[in-house]
Amino acid sequence: MIDTSGAGTAPNPRPASGIPTEARRAMYSAMWRARVFEKRAYDLFMSGLVKGTTHLGTGQEAVAAGFSTAMRDDDMVFCTYRGHNHTLLRGAPMASLMGELLGRESGCCRGKGGSMHLTDVEHHAMGSYAIVGAHLPVAAGAAWASQERGTGQVTVCFFGDGTTNIGAFHESLNIAAVWGLPVVYVCENNLYMEYTPISSVTAVPNPAADRAASYGLDRIIVDGNDADAVYEAALSVIDRARAGEGPSLIEAQTYRHYGHSRADPGKYRPAGEVEEWMEKDPLVIYRARLEKLGFPAADLDRIEEAARAEIDAATEAAKVSAEPGEAVLMTDLWADGGSSWRR
Amino acid sequence: MIDTSGAGTAPNPRPASGIPTEARRAMYSAMWRARVFEKRAYDLFMSGLVKGTTHLGTGQEAVAAGFSTAMRDDDMVFCTYRGHNHTLLRGAPMASLMGELLGRESGCCRGKGGSMHLTDVEHHAMGSYAIVGAHLPVAAGAAWASQERGTGQVTVCFFGDGTTNIGAFHESLNIAAVWGLPVVYVCENNLYMEYTPISSVTAVPNPAADRAASYGLDRIIVDGNDADAVYEAALSVIDRARAGEGPSLIEAQTYRHYGHSRADPGKYRPAGEVEEWMEKDPLVIYRARLEKLGFPAADLDRIEEAARAEIDAATEAAKVSAEPGEAVLMTDLWADGGSSWRR
Amino acid sequence: MATLTYREAVARGIAQEMARDERVLLIGEDVAEAGGVFKTTQGLRERFGPRRVRDTPISEEAITGMVMGAAMNGLRPIGEIMFSDFLATCWDIVANQIAKTRYMTGGQIELPLVLRSANGGGSRFGGQHSQSVENWAMAIPGLKVVAPSTPVDVVGLMAGAIRDPDPVIFLEHKALFATKGEVPDGELVDVLGRATTVRTGSDATIVALAAMVPKAVEAADILAREGISVDVIDLRTLVPLDVTTVASSVARTGRLFTVEENPRLCGWGAEVASIVADECFWDLDGPIVRITTPHIPLPAADAIEDMAIPSADRIVETIRSSMQ
Amino acid sequence: MATLTYREAVARGIAQEMARDERVLLIGEDVAEAGGVFKTTQGLRERFGPRRVRDTPISEEAITGMVMGAAMNGLRPIGEIMFSDFLATCWDIVANQIAKTRYMTGGQIELPLVLRSANGGGSRFGGQHSQSVENWAMAIPGLKVVAPSTPVDVVGLMAGAIRDPDPVIFLEHKALFATKGEVPDGELVDVLGRATTVRTGSDATIVALAAMVPKAVEAADILAREGISVDVIDLRTLVPLDVTTVASSVARTGRLFTVEENPRLCGWGAEVASIVADECFWDLDGPIVRITTPHIPLPAADAIEDMAIPSADRIVETIRSSMQ
Ligand SMILES: Cc1ncc(C[n+]2csc(CCOP(=O)(O)OP(=O)(O)O)c2C)c(N)n1
Ligand SMILES: Cc1ncc(C[n+]2csc(CCOP(=O)(O)OP(=O)(O)O)c2C)c(N)n1
Ligand SMILES: [Mg+2]
Ligand SMILES: [Mg+2]
C-alpha cells in the first residue's frame with residue numbers, strides 16, 4: 001500500500017515521508033530488541049533450557065515494530081503463540097518474558113502460560129493465544145468494550161495467513177464490521193502454516209486481502225518487511241478506528257526466517273526462497289534506509305548494542321529466578337486466588 | 001441470473017427457454033406437493049398432533065422444485081430443519097415424512113429424528129441438520145467421496161441467509177473450492193434468521209453472493225420464487241460440478257410465508273412485506289406462466305388434486321401407525337443395532 | 001411477593017443487575033428486538049436500550065469470544081447461547097479460552113462474564129436441541145456451573161452469577177420455563193455453591209438438579225407413602241459443588257441416589273457418586289445408584305422421549321427395589 | 001517381530017488398513033507432505049499417494065465434517081485433529097453431528113470413520129496443547145473412544161477402529177510417542193472394548209489408561225516391594241467399556257483406585273468408580289479412590305506440570321496411605 005523505500009536522501013534524519021525521527025529510531029530499536037530476544041530464545045531452546053516449544057517471528061519484526069510504534073499507550077494487542085515480538089514491543093519487560101520461557105515464577109504468567117501464552121496486561125498485551133483463530137472474536141470483544149465505555153482505545157489483533165481459513169476469522173470480521181468496532185485485524189502472511197504452504201489450501205491468492213470485501217472492508221496489502229510502510233498503514237487504520245469509522249483488515253506480506261517452531265529446519269521451503277527473503281531482512285533494509293536518511297552509523301550501532309545488553313541482563317535475571325512450586329500450581333484458577341471446585 | 005418469465009406464448013406447452021414440458025409439469029406438481037404437505041404439517045401442529053416444532057418452507061417451494069427437478073436420481077441433498085420440501089421432493093414418501101412429524105414408528109427416522117431431522121437415504125436425502133451451518137462441511141465430505149469414487153454424483157446443500165455468518169460456512173466454501181468438489185451450495189435468502197432481519201447483522205447486502213469471491217467463485221443470484229429460473233441455474237451449476245469444474249454458491253432470493261417456526265406469527269415483519277411477497281407466491285406465478293404457455297387448466301387442476309389426495313392418504317397412514325416403544329428407544333446408536341456402552 | 005414463571009424470573013434477575021450496574025450488557029441471537037426465542041429476555045431492550053441489549057448474527061464463536069474480550073476490558077457481559085447444544089459450536093472459546101485464561105496468565109486476566117443457555121429435554125425437539133450439557137461444563141476447570149430449579153433461585157443465582165468475578169455457565173431448563181413460583185420483592189442475590197435440602201428424610205439421599213428436582217420431590221412423596229423417607233437435595237450449582245450438604249445427608253441416611261438428565265457416562269452424578277464412594281464410604285449402607293438418561297441422544301417422539309428422561313416413577317422404582 | 005516406537009506404530013496401523021482397503025483415506029493439517037507434526041503419518045503419502053493422504057487448510061470443522069460426509073458416501077475416512085485440545089473447535093461436528101446421526105436417522109446412516117488426535121500432557125506446551133480429553137468424548141453417546149498405551153496396542157486398535165462401523169475417537173498420547181515396544185509381524189487387528197490386565201495382584205485394583213498405564217505399573221512394582229500386591233488394568237478403550245474385567249478384579253481385591261490424567265471433575269474415573277460403587281458395592285473393602293490431575297488447566301513450566309499429572313510416587317503414596 002505504502003512504500004517509502006525511495007524516500008529521499010536528506011542529510012538530516014528527517015524523512016520526506018513525514019515519519020518522525022523518533023518513530024524511526026523507535027522502530028529500529030524495536031526490531032533489534034525483538035531480534036535478539038528471539039535469537040536468545042532459540043539458543044536456549046536448542047540448549048534445552050527453554051522446554052516445550054517456541055515459535056519465532058524472526059524476519060517478521062517490521063510488522064510488530066511498525067504497529068507498536070503507531071499505537072497509543074492504552075491500545076490493546078492480541079496475538080498468537082508467535083507472539084514474542086508483539087508482547088515485548090508493547091512494553092513487557094524482557095526479563096519477565098524470558099522468565100516465562102524458562103518456566104520460572106518470575107515469568108509474566110508465573111510459568112503457567114509458557115512460550116505460547118505470553119501476556120502482560122499492564123502493558124496492554126492482552127495475551128498470546130495458541131489455538132488458531134480463537135483470539136479474533138476476543139479482540140472484537142475488547143474493542144466492543146472500548147466502544148461502549150468510550151475509552152478511545154483501539155485493539156490490534158495479529159494472526160497468520162493460515163488463520164484466514166478457520167471459522168472464527170469469518171465470524172469476527174463480520175461482526176466487527178457490522179458493529180463498527182475499533183479493531184484492526186493484521187494478517188501476517190508468511191506464506192506457510194506449519195509446514196504446508198498457504199497457497200495450497202486457500203481459494204484466493206491473498207488469503208486476507210482477497211476476503212476483505214466479504215465484510216465490506218477495503219483491500220489492504222502492505223510490505224510487512226518494511227517498518228515504515230507498516231507504520232504508515234498502521235497509523236491510518238488506527239486513526240480510522242479511533243475516529244469511530246470501524247475495523248480494518250490488513251495483509252502484511254512477510255516471511256519467517258526459522259521453521260515453524262522448535263527445531264523445525266523448514267526443509268519444505270523451495271530452494272532459494274529463504275535466501276531471497278534474507279535479502280529483504282527487515283533489519284538490514286531498515287538500517288540501510290536510515291543510513292541513507294542520515295542517521296549516524298554509530299547511533300545505530302548503539303541501538304543494537306543496547307538490545308544485546310538488555311537481552312543478556314534479562315537472560316541472567318530469568319536464569320537465577322526460582323521455579324514455581326505447588327503454591328503457584330494450585331493458584332489463580334478463580335478470582336479468589338485459589339482453585340477449589342468444592343465448598 | 002436467469003429470468004424466463006416473459007418466455008413466449010406458444011399454444012403448446014413447449015417453452016421458448018427450452019425447459020421441457022415434463023420438467024415444468026414436474027415442478028408444478030412438486031411445488032403443490034410441498035405446499036399441501038406443509039399446510040397439513042402446520043394444521044397438525046396447531047391441533048397438537050405434531051409436537052415439538054416445525055419450520056415451514058412455504059413460499060420457498062420453487063427452490064426445492066427447481067433443484068430437485070434438475071438433479072440426477074443419485075445426486076445427494078443436504079438440508080436444514082426447514083427441510084420438509086427438499087426431503088419430500090427428493091422422493092421420500094409423504095407418509096413416512098408425516099409419520100416422522102407425528103412421532104410414529106413408521107416415520108422415516110422411526111420417530112427419533114422429528115421434524116428437524118427428516119432423512120431418507122434411499123432417496124439420497126442425506127439428512128436435515130438442525131444446527132446452523134453444520135451440514136455444509138458434511139455436504140463437502142459427501143461430494144469428496146463422490147469425487148474420489150468417481151460416481152459422478154453431485155451434492156446440493158441448502159441453507160439460509162443467516163447461515164452465511166457462521167464459521168462452518170467459511171471453512172466449507174474454502175475447502176470445496178480448493179479441492180474442486182462437486183457440490184452446489186444454495187443459500188435460500190428469505191430475509192430473516194429467526195426473528196432478526198439478516199440485513200441488521202451482515203456486513204454485505206447479499207449475504208452469500210457478495211462472499212463468493214472470497215472463495216474464487218462466481219457471484220450468482222437467482223429469483224428463488226421462479227421455478228424456471230431456479231431450474232436453469234440449477235442445471236448449469238450441477239452440470240459444472242458433474243463435469244469436474246468444482247463447486248458453486250447460489251443465492252436464491254425468496255421469502256417464507258409463515259413465521260420462523262411453530263406458531264410464530266412473524267410480527268417482526270414490516271407492514272406490507274408479507275403481502276408483497278404473497279403476490280410473488282411461486283405457485284401462483286408458475287400457474288399463470290404455465291397457463292400462458294398453453295398448459296390446460298384442467299391438467300393443472302388435476303396436479304393440485306393429486307397432491308391433496310396424496311397428503312390426505314399420507315396423513316391417514318401416519319395417524320394409524322404405532323408409536324415407538326422402548327425397543328426403538330434403545331436401538332440404532334451403534335451399527336450392531338443396539339446402544340450398549342459396555343462389554 | 002409476586003408469582004413469576006421461571007422464564008420471567010430470568011428477565012427479572014438480569015434486569016435487577018442491569019439496573020444496578022451499567023457494565024452489565026446482554027448479547028445473543030434474537031435476545032433484543034424479539035425478547036429471546038424463549039421469551040426470557042423480554043422487555044430488557046425496551047428498558048435498557050439497544051446498546052445494552054443487542055442482537056447478534058448467528059456466530060456463536062463471535063458471541064462467546066466477544067463476551068470474553070469485553071469482560072477483559074471493563075464490562076460484565078452476558079452472552080446468550082440459544083440452546084445449550086450449540087455450546088458445542090463455540091466450545092473452544094468456552095473451554096479453551098474463557099475457562100483457562102485466568103490460570104494461564106497467572107491471574108492477570110479476570111473474566112466476570114455469564115453465558116446463559118436453554119438446557120434440557122422434554123420439548124420433543126430431537127437430539128440437537130434437547131441435551132443436558134451441565135456435565136460438559138463441569139468437566140472443564142475454570143468454569144462455574146449453575147442450573148436452578150425454581151423461579152426464586154433463577155433470580156438469586158442469576159444475580160450471584162453476574163456479580164461473580166469468574167466465568168459462569170448458567171443453564172436455564174426448557175422444561176421449567178412455564179413453571180411458576182413465589183419470588184419475594186426487592187433485591188435477591190444468592191451465593192454460588194450452596195445446595196438446598198428440599199425434602200428431609202432418613203432412609204436415603206436423592207441428589208438432583210434443575211428439572212430433575214421436581215421429579216425427585218414427586219418420587220419422595222410417593223416413597224414417603226410407602227414408608228421410605230428420603231432427603232432430596234437440589235444441588236443448584238455444580239461448580240462450586242456443595243459436597244458438605246451431600247456428605248452430611250449421606251452420613252445420616254446411608255444411601256445415595258443421584259438423578260441426572262445428562263446421558264449416563266461421565267455425568268455429574270458419577271462425580272458425586274465417586275466423591276461419596278471415597279469420602280463417605282464408611283457411612284454407606286448399600287450401593288450408590290445413579291438414575292440417568294440412558295447413554296443415547298434424546299429422541300424426538302414424545303412417547304420415547306418420556307421414557308428416556310428419568311421420571312418420578314423410575315426414581316421410585318429404582319429406590320424401592322434397591323432399598324429392599 | 002519388530003521394535004517400533006508408538007509414533008511408528010500409528011503409521012504402521014494406518015498403513016496396514018490403507019493397503020487392505022482402498023476406501024480408507026487420511027486427511028488433516030500437515031499429515032501428507034510433512035508426515036504429521038508428530039511424525040505419526042510419515043511415509044503414508046509417499047506410499048498411498050496424494051489423493052489418499054491429503055493436507056487440509058486449518059479448518060477443523062471442515063476436516064471433521066468432511067470425514068463425516070465421506071463416511072456416509074462409501075469411504076472409510078480417517079481425520080487427524082492435530083492436538084486433542086482442538087477438538088473443541090469442531091465439537092459440534094463431533095458431538096452433535098457425527099455422534100448422533102445414526103441414532104437420529106433411525107439407523108439409516110452409518111459412519112465408519114476415525115478421528116485421531118494427539119492427547120495428553122507432559123510436553124510443557126501449556127494449557128491449550130496438553131489436555132486429556134478422553135472424558136469429553138466418553139460423555140457423548142455415539143462415540144467409541146480408544147486410547148492405547150503401547151505400540152502393539154496402537155497397531156491393533158488402530159486397525160480395529162478403522163474397521164469398526166461406528167465413529168471412533170482415537171487418542172494417541174504425546175508423552176508415549178517416543179516409547180518403544182515389540183510388535184509382531186503380519187496383520188494385527190484388535191477388538192474394541194477389551195481391557196488388559198497388565199499386572200496381577202490380590203490387594204487392590206488400579207485402573208489406568210494410556211500414559212497412566214506405565215506409571216501405574218511402576219507404582220505397582222514399588223508397592224509390591226512393600227508387600228502390597230495390585231492388579232493393574234489398562235482399559236485401552238473407554239467406549240465400549242470393559243466393565244467385566246474391572247468388576248471381576250475388584251471382586252478379588254476389594255479395593256479400587258483409578259489413575260486419570262484428565263482433570264478431576266467428571267473424568268472417566270468417576271464413571272468407573274460409580275459403576276463399581278453400584279454394581280460391586282458388596283465386594284468393596286474400603287473407599288474407592290481416584291488419582292487425577294487436579295481440576296486445573298495444565299501449566300507450562302516443567303516443575304509444576306510434573307506435579308499436576310499423576311506420578312508413580314503419587315499413586316504409591318495414595319494407595320499406601322489408603323490401604324493402611
Ligand atoms: C485450531 C487449530 N488448529 C491447528 C493448530 C496447530 N497449528 C499451530 S500454528 C499452525 C499454523 C498457523 O499458521 P498461520 O496462521 O499462517 O500462522 P503462523 O504460524 O505462520 O504465524 C497450526 C496449524 C492450532 N494451534 N489451532
Ligand atoms: C449454531 C446455531 N445457532 C442458532 C440456532 C438457532 N436457529 C435455528 S434456525 C435459526 C435461524 C437461521 O436462519 P437462516 O440461516 O436464515 O435460515 P432460515 O431459518 O431462514 O431458513 C437460528 C438462529 C441453531 N439452530 N444453530
Ligand atoms: Mg503463516
Ligand atoms: Mg433465513
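All chains are named by letter (A, B, ...) in the order of the sequence lines, taking the proteins before the strands, and each is independently numbered beginning at 1. These numbers come from the heavy atoms of this one structure, side chains and all, not from hydrogens, waters or symmetry mates. Predicted model, so just to flag it, every value in this text is computed and none were measured.
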Portion of B:E100 that has a non-hydrogen atom of chain D nearer than 4.5 angstrom: neither
Shortest non-hydrogen separation from B:K112 to D:G106 and the atoms involved: CE-CA, 4.2 Å
Separation of D:T105 OG1 from B:L118 CG (nearest 0.5 Å): 11.5 Å
Value rounded to 0.5 Å, distance of CD in D:E22 from CD in B:E148: 10.5 Å
Any D:M104 side-chain heavy atom under 4.5 Å of B:R110 side chain: no
Residues D:M72, B:F78; criterion side-chain contact (heavy atoms from CB on, under 4.5 Å); working and verdict: CA-CA 12 Å; D:M72 285 184 179; B:F78 289 78; 3.8 Å; yes
Any donor-acceptor N/O pair, D:R102 side chain to B:D332 backbone, under 3.5 Å: no
Pick from B:L136, B:V178, B:I175 with the largest number of heavy-atom pairs that fall under 4.5 Å of chain D: B:I175
D:D92 to B:A134 - nearest heavy-atom pair and separation: OD2-CB, 3.4 Å
Which atoms of B:L181 approach chain D - backbone, side chain, both or neither, heavy atom under 4.5 Å: side chain
Residue D:Q108 versus chain B: region with a heavy atom under 4.5 Å: both
Side chain / backbone / both / neither for B:A139 at chain D, heavy atoms under 4.5 Å: neither
Validation row: B:Q147, D:R51 side chains within 4.5 angstrom (heavy atoms): yes
D:Y103 side, atom OH; B:C109 side, atom SG - distance, nearest 0.5 Å: 11.5 Å
Proximal component of D:L25, with respect to chain B [non-hydrogen, under 4.5 Å]: side chain
Flag, side chain of D:R23 to backbone of B:R149, donor-acceptor distance under 3.5 Å: no
Crowding at CD, D:E46 (>12 non-hydrogen neighbours, <6.0 Å): yes
Part of D:L113 within contact of chain B (heavy atom distance under 4.5 Å): neither
Part of B:L173 lying under 4.5 Å from any heavy atom of chain D: neither
Interface moiety of D:T245 toward chain B, non-hydrogen atoms closer than 4.5 Å: side chain
Most chain D-contacting option - heavy-atom pairs closer than 4.5 Å, from B:A335, B:G337, B:G111: B:A335
Crowding at CG, B:D73 (>12 non-hydrogen neighbours, <6.0 Å): no
B:Y129 side-chain N/O to D:Q97 backbone N/O, donor-acceptor pair under 3.5 Å: no
Heavy-atom contact with chain D under 4.5 Å, split by part of B:S128: neither
B:M126 portion near chain D, given a 4.5 angstrom heavy-atom threshold: both
Chain B contact via D:P77 - side chain, backbone, both or neither, heavy atoms under 4.5 Å: side chain
Reported CD-to-OG distance for the pair D:E61 and B:S172, which is rounded to 0.5 angstrom: 7.5 Å
Residue selection (most heavy-atom pairs with chain D, distance under 4.5 Å) from B:G114, B:G107, B:G141: B:G141
Side-chain heavy-atom pair D:R54, B:W144 within 4.5 angstrom cut-off: yes
Side-chain touch D:I93/B:P137, heavy atoms, less than 4.5 angstrom: yes
Selection from D:P240, D:P141, D:P167, D:S59 maximising heavy-atom pairs under 4.5 Å formed with chain B: D:S59
Under 4.5 Å from any heavy atom of chain B - which part of D:I27: side chain
Heavy-atom contact with chain B under 4.5 Å, split by part of D:E60: backbone
B:W341 six-ring face occupied by D:K144 cation (under 6.0 Å, within 45°): no
Shortest non-hydrogen contact from D:I109 toward B:T119: CD1-CG2, 4.1 Å
Engaged part of D:I98 at the chain B interface, taking heavy atoms whose separation is under 4.5 Å: neither
For B:R342, the option from D:D242, D:T244, D:V239, D:V243 that meets side-chain contact (heavy atoms from CB on, under 4.5 Å): D:V243
Side-chain donor or acceptor of D:N73 paired with backbone N/O of B:A145 under 3.5 Å: no
